[in-house]
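All heavy atoms count here, side chains included; hydrogens, waters and symmetry mates do not. Note that this is a predicted model, so its numbers are computed, not measured.
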Amino acid sequence: MFALTPLNASSRQRFVKAAAGATLAGAVLAAVVAVPVAQADFPQRDVRMIVPWPAGGGADAISRKISNLAEQELPTSIYVENIGGAVTATGLMQLAKARPDGHTIGVLTYDSVVTLPRGNMVPGYSLDKLEPFARVTQEADAIVVSKQSGYSSYEELIEAAKADPGSVRIGVAPQGSGPYLAVRRLEAATGVTFNVISYPGSSTAEAEALLSGEIDAAISSLGDFSGILSSGDAFGVVELSGTQNLAYPDVPPISDFGVELETGSFIVLAAPANTPEDAIEALESTYHEAYQSDEFQQWVTNIGVTPGWLGSEEVNAWIDGYQERTFAAMDELNL
């Protein structure tokens, strides 16, 4: 066996200095190794895009299209996951709880910004837990009638509702939604009464109801109904806007009939709160490139949706103003 020789004072001093030097060197090495991890380029893996509606609706189609174009600017993919339920809260609660590193993002719609906050419908849901970084569309609602309804114009629809209150069946999303508020505001503005039937989920259910003859008309964006409009099974009679939609020149704005009523929806992109600024900047830049592409601009216009970009510095103020105006309209109608 080896015997341990006690260290004298001088040897102990040299040993302590050597140990301290080794510790310092180790710390420096660890810091150097850590720097590339902290400053690594974003993204490091595929980006998950949560769409809080079932597949097939307008929000889903727009989110998929712009994400497909955005991922062309990235070294990784962007994949869409549909998580419906609780008027968008199910998917957005998952978004809020995701790791705030930019690799999980999601879509906010009217219901996410207005319906849920207005009614405090879902415990724990709050926009404060999310970080919006872009708005990509702003589209007006419209009234679409089925071919078999017998109505061919906005005037005919209003005249029928006046002559026989409750006879005209109009499908909308549930109470608290934008289309529901729109139909109640339209009733107040024109003095008519509709038979309002609500359909939870995306506008797909309303399109099916139009085709089956279950309802005469429905309110959502023209883009949401682009499939049955292009097939000729339905057609738009008025858009709830003050300006003409160039993609649908045969659908007049409601301002042409002396009614001031502008309602609609939008697509806002968001990440979890506390996502690093560099990741937010990268996401905003990537989606802005996709938004500006000729392919997206032509596609979104062809389906009747108005492109409308707002970046991270503008979108939060826009949301605050939108909520304020919409809540005021709801208060006026006691909704």
Side-chain angles (χ1 to χ4, degrees), residues 30-109 111-113 116 122 124-137 266-293 295-296 300 309-316 318-319:
V32 170
V33 171
V35 166
V37 175
Q39 297 178 350
D41 291 338
F42 172 87
Q44 290 295 296
R45 59 183 185 278
D46 289 349
V47 175
R48 175 193 185 201
M49 158 73 84
I50 295 176
V51 174
W53 288 111
D60 178 61
I62 295 168
S63 303
R64 288 178 182 275
K65 181 64 176 180
I66 196 168
S67 293
N68 287 341
L69 295 172
E71 72 176 2
Q72 297 176 18
E73 305 295 323
L74 299 175
T76 61
S77 297
I78 301 175
Y79 65 95
V80 172
E81 184 176 350
N82 296 91
I83 306 177
V87 199
T88 75
T90 301
L92 296 183
M93 290 291 280
Q94 287 198 28
L95 172 63
K97 294 177 181 178
R99 184 177 178 181
D101 58 7
H103 291 92
T104 302
I105 58 177
V107 174
L108 307 182
T109 62
D111 292 305
S112 318
V113 170
L116 292 172
V122 178
Y125 176 84
S126 173
L127 288 177
D128 292 339
K129 297 180 179 180
L130 303 172
E131 180 61 42
F133 62 86
R135 188 194 73 188
V136 297
T137 63
F266 47 83
I267 298 293
V268 168
L269 308 180
N274 301 315
T275 297
E277 186 176 342
D278 60 342
I280 292 292
E281 290 176 354
L283 287 166
E284 180 183 353
S285 175
T286 299
Y287 272 94
H288 192 215
E289 286 291 322
Y291 170 87
Q292 290 183 307
S293 68
E295 182 174 348
F296 182 76
V300 77
W309 177 268
L310 290 177
S312 57
E313 294 184 359
E314 306 159 298
V315 68
N316 284 289
W318 177 82
I319 288 174

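Atom NE2 of residue His288 and atom CZ of residue Phe133 lie 12.5 Å apart, to the nearest 0.5 angstrom. Atoms CE and CD, from Met49 and Glu71 in turn, are 11.0 Å apart once rounded to the nearest 0.5 Å. Note that CG of Leu127 and CD1 of Ile319 are 6.5 Å apart. Values are rounded to the nearest 0.5 Å. Here the straight-line distance linking atom CE of Met93 with atom CD1 of Ile83 works out to 12.5 Å at 0.5 Å rounding. For the atom pair CD1 of Ile105 and OG1 of Thr275, the computed distance is 10.0 Å after rounding to the nearest 0.5 Å. With values rounded to the nearest 0.5 angstrom, Thr137 atom OG1 is found 9.0 Å from Tyr291 atom OH.
Between Phe42 and His103, the ring planes lie tilted relative to each other; the angle falls in the 30° to 60° range.
Counting non-hydrogen atoms of other residues, nucleotides and ligands closer than 6.0 Å to CZ of Arg45 gives a total above 12.
Judged by distance alone, the side chains of Ser67 and Tyr79 never bring a donor and an acceptor atom under 3.5 Å apart. A donor-acceptor contact under 3.5 angstrom links the side chains of Glu284 and Ser312, judged on distance only.
For Asp46, there are no salt bridge (Lys or Arg N to Asp or Glu O under 4.0 Å) partners two or more places apart in sequence or in a different chain. For Glu281, the side chain to side chain contact (heavy atoms under 4.5 Å, CB included) partners are Glu277, not counting sequence neighbours. In terms of the side chain to side chain contact (heavy atoms under 4.5 Å, CB included) criterion, residue partners of Ala290 (sequence neighbours excluded) are, by chain and number, Ile66, Leu69, Ala70.
Taking both residues in full, the closest heavy atoms of Ala271 and Ile280 are given as CB-CD1, 3.9 Å, listed atom of the first, atom of the second, then distance. The shortest heavy-atom contact between Ser63 and Ile267 is OG-CG2, 4.5 Å. The nearest pair of heavy atoms linking Ala96 to Pro272 is O-CB, 4.3 Å. Among all heavy-atom pairs drawn from Pro52 and Gly91, the shortest one is CB-CA, 4.4 Å. Scanning all heavy atoms of the two residues, the minimum distance from Pro54 to Asn82 falls at C-ND2, 3.6 Å. The nearest pair of heavy atoms linking Pro276 to Pro100 is CD-O, 3.0 Å.
Not one N or O on the side chain of Thr104 forms a donor-acceptor pair closer than 3.5 Å with the backbone of Leu95. Proximity of a side-chain donor or acceptor of Lys129 to a complementary backbone N or O of Leu92 within less than 3.5 Å is not detected. Judged purely by atom type and a 3.5 angstrom limit, Tyr125 uses its side chain to pair as donor or acceptor with the backbone of Ser112. Using a distance-only test at 3.5 Å, with no hydrogens or angles considered, no donor-acceptor pair links the side chain of Ser285 to the main chain of Ala282. Using modelled atom types, no side-chain atom of Tyr287 and backbone atom of Ala134 make a donor-acceptor pair closer than 3.5 Å.
Glu131 has its side chain within reach of Asn316: a pair of non-hydrogen atoms, C-beta onward, lies under 4.5 Å apart. For the pair Leu108/Leu130, a side-chain contact is recorded, criterion being any heavy-atom separation below 4.5 Å from C-beta on. A 4.5 Å side-chain heavy-atom check between Ile62 and Val107 finds every atom pair outside the cut-off. Between Leu269 and Leu283 the shortest side-chain heavy-atom distance does not fall below 4.5 Å.
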Q.
What verdict does the side-chain contact (heavy atoms from CB on, under 4.5 Å) test give for Trp53 and Thr88, after you've listed the backbone C-alpha separation in whole Å, the side-chain angles of each residue and the deciding distance to 0.1 Å?
A. CA-CA 6 Å; Trp53 288 111; Thr88 75; 3.4 Å; yes
